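Reviewing the structure listed below.
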Number of protein chains: 2
Amino acid sequence: MNVRQKPERTRLSAEDWEDAALNLIAEQGVGALAVEALARQLGVTKGSFYWHFRTREALLQAALERWEQYGEREIINQIEALPDPRERLPELFRRVAHEVQPHRVYAALLKALDHPLVVPVMARVSKRRTEFLHVAYTEAGMEPTEALNRARLTYAAYVGFLQLNFTLGLPRLTHEEFDAYVEHMIATLIP
Amino acid sequence: MNVRQKPERTRLSAEDWEDAALNLIAEQGVGALAVEALARQLGVTKGSFYWHFRTREALLQAALERWEQYGEREIINQIEALPDPRERLPELFRRVAHEVQPHRVYAALLKALDHPLVVPVMARVSKRRTEFLHVAYTEAGMEPTEALNRARLTYAAYVGFLQLNFTLGLPRLTHEEFDAYVEHMIATLIP
DNA sequence: TTGCATCCATACGCACGAGTATGGGTTGCG
DNA sequence: CGCAACCCATACTCGTGCGTATGGATGCAA
């Protein structure tokens, strides 16, 4: 029903603008989020935009909220369904490693941590994920204090890898090398 | 009225501009690097700037080169002087953890990885440091392949920690918690 | 069909920051 | 002393991107 492709542009909704904004952020970063550029991409003009949103910041705000809520139902929920707690962490690592697309926005927002609207969102998301890791490590048999530090270390490694390999594109890893790296992470970080 | 209050220096050199640029980058990011803002901070006007540099990009380029060359003689050289290879990695971790200031520019550049001038610099610096870790892990008794992955993991953890705690300011760690985290890193990542 | 809300186009104002033109002041040196 | 080379101030131009004003087009309900 909702056939919204590039050639066939019916009327737009606020959600369409938010999705387009997230795509643009994922590809070119928060700094590249300009209303006229987005309008061109959607096949309309600024007049449309300023009917749906009061300002550019409002769009960013809405897009971030949308992304955060969408992220609620992410891999974490599937992982928690696994019966054996000891299976969860390795499985989490492997899944995260092979789901490339969802991390693009996160990597882009990581580079926009100077923007006031981005900071609280990233703080919440990162906190939530780190806490999940904390619980997972505890359930895997670690004592709480050590589990917390391990969770921080793990998440830092994730974030750093995103920056280095994703954004910086260094080093260029083949599939085999990448898989070996993931297995090395698992062997090193999971007791 | 003597308008020039802060520095005694009445005439500026290109190096003065580059240092000021690096300070501004460390505090407010690459995006905040504006010539008129810098000029105000230095107590002069644009006229001075465009005598020393042809363009804004030229200043950024020069500042990055200056930072990279300054970074050559960093902690790494001191660490290599340690006689016992097994002592080097723990000592490196502890020193890096307590030298806060030199990481500010690196953290800021991490958020500017979409800028064409920043990417090659960061690629070189990160590559150099990772290779140093690779050698260090090898000398500590690891086999080369595992040592390389461990080096990548370690450096990713460093980068991620920078982003999360430095830029995002999360979580707020006390000195004791931070030291405990560092020791946990050492125990986990160093064989 | 009429009337109203929704959605968009066109044309503008305006702030901000990069870069230019040009002249004045300062310093070193013969 | 005097003259360059050097350093900086003032006053512009110009492109870009946000936001506004206003009217036209489209869909839906009565």
Side-chain angles (χ1 to χ4, degrees), chain A residues 1-25 27-64 108 112 114-118, chain B residues 1-25 27-64 108 112 114-118:
Chain A
M1 46 183 289
N2 220 349
V3 187
R4 187 158 296 127
Q5 290 296 3
K6 274 195 288 187
E8 203 65 37
R9 59 175 193 278
T10 62
R11 308 183 111 191
L12 298 176
S13 70
E15 286 76 20
D16 295 324
W17 285 95
E18 296 167 9
D19 286 338
L22 286 177
N23 282 333
L24 206 154
I25 288 174
E27 290 170 5
Q28 301 188 306
V30 176
L33 184 60
V35 308
E36 296 181 270
L38 258 189
R40 271 194 304 275
Q41 181 179 318
L42 287 173
V44 292
T45 65
K46 296 164 53 167
S48 171
F49 176 83
Y50 284 101
W51 191 91
H52 293 285
F53 299 93
R54 212 178 59 78
T55 172
R56 191 203 97 126
E57 298 279 281
L59 169 65
L60 179 58
Q61 176 95 44
L64 289 177
D114 38 6
H115 197 296
L117 286 179
V118 175
Chain B
M1 311 294 190
N2 196 354
V3 193
R4 214 179 311 280
Q5 63 279 37
K6 278 192 289 190
E8 293 296 328
R9 161 158 294 148
T10 180
R11 282 163 102 93
L12 298 175
S13 69
E15 286 75 20
D16 295 324
W17 285 95
E18 296 169 9
D19 286 339
L22 286 176
N23 282 333
L24 205 155
I25 288 175
E27 290 169 7
Q28 302 188 315
V30 177
L33 185 60
V35 307
E36 284 172 309
L38 258 187
R40 270 193 304 275
Q41 183 181 318
L42 286 174
V44 292
T45 64
K46 298 164 54 168
S48 172
F49 176 84
Y50 284 100
W51 192 91
H52 293 285
F53 298 93
R54 212 177 58 77
T55 172
R56 192 202 96 126
E57 298 279 279
L59 169 65
L60 178 57
Q61 176 95 44
L64 290 177
D114 38 8
H115 197 296
L117 286 179
V118 175

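Note that the coordinates shown come from a computational prediction; the quantities given were computed from them, not determined experimentally. Sequence lines set the chain letters: A, B, ... in the order given, protein chains first and strands last, and positions in each chain run from 1.
Of the inter-residue distances, the one linking Leu33(A) atom CG with Glu57(A) atom CD reads 9.0 Å to the nearest 0.5 angstrom. The structure places CD of Glu18(A) at 10.5 Å from CD1 of Ile25(A), a figure rounded to the nearest 0.5 Å.
Residues meeting the side-chain hydrogen bond (donor to acceptor under 3.5 Å, both in side chains) test with Asp19(A), sequence neighbours left out: Arg66(A).
If you find the closest nucleotide of DNA chain D to Phe49(B) and to Ala34(A), the one lying nearer the 5' end belongs to Phe49(B).
Taking atom OH of residue Tyr50(A) and atom P of nucleotide dG13(C), one finds them 17 Å apart after rounding to whole Å. Between Leu38(B) atom CG and dC16(C) atom P the separation is 18 Å, expressed in whole Å. Rounded to whole Å, atom C1' of dG17(C) lies 15 Å from atom CD of Gln28(B). As a whole-Å value, the separation of Gln41(A) CD from dG17(D) P is 15 Å. Regarding Leu12(B), its CG atom lies at a distance of 9 Å from the P atom of dA9(D), rounded to whole Å. Rounded to an integer number of Å, the gap from CG of Leu24(A) to P of dG17(D) is 12 Å. Between the P atom of dC6(D) and the CG atom of Asp16(B) lies a distance of 17 Å, rounded to the nearest Å.
The terminal axes of the helix from dT1(C)-dA30(D) to dG24(C)-dC7(D), fitted over 5 pairs per end, subtend an angle of 10° to the nearest 10°.
His52(A) has its side chain out of reach of Asp16(A): every pair of non-hydrogen atoms, C-beta onward, lies at least 4.5 Å apart.
Across Ala62(A) and Phe53(A), no two heavy atoms sit closer than the pair CB-CE2, 4.0 Å. Ala108(A) approaches Gly29(A) most closely through the heavy-atom pair CB-CA, 4.4 Å. The two atoms that bring Ala32(A) and Leu24(A) nearest to each other are O-CD2, 3.2 Å, heavy atoms only. In terms of heavy atoms, Leu12(B) sits closest to Ser48(B) at CD1-OG, 4.5 Å.
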Scoring nucleotides 10-16 of chain D by protein non-hydrogen atoms under 4.0 Å (B base, S sugar-phosphate only, - none) yields B------
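Shown for residues 52-61 of chain A: residues whose heavy atoms fall under 4.0 angstrom of DNA chain C, namely His52(A).
With Leu64(A) as the fixed residue, the side-chain contact (heavy atoms from CB on, under 4.5 Å) test singles out one of Leu59(A), Val30(A), Val118(A): Val118(A).
Among residue pairs with one or both ends in residues 43-53 of chain B, those qualifying as salt bridge (Lys or Arg N to Asp or Glu O under 4.0 Å) are Glu36(B)-Lys46(B); sequence neighbours excluded.
Under the 30°/60° scheme for interplanar angles, the aromatic rings of Phe49(B) and Trp17(B) are found to stand perpendicular.
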Atom pairs under 3.5 Å, N or O on each side, protein against nucleotides 4-6 of chain C: can you list them with distances?
from: dT6(C); atom 1: O2; to: Arg11(A); atom 2: NH2; distance (Å): 3.2

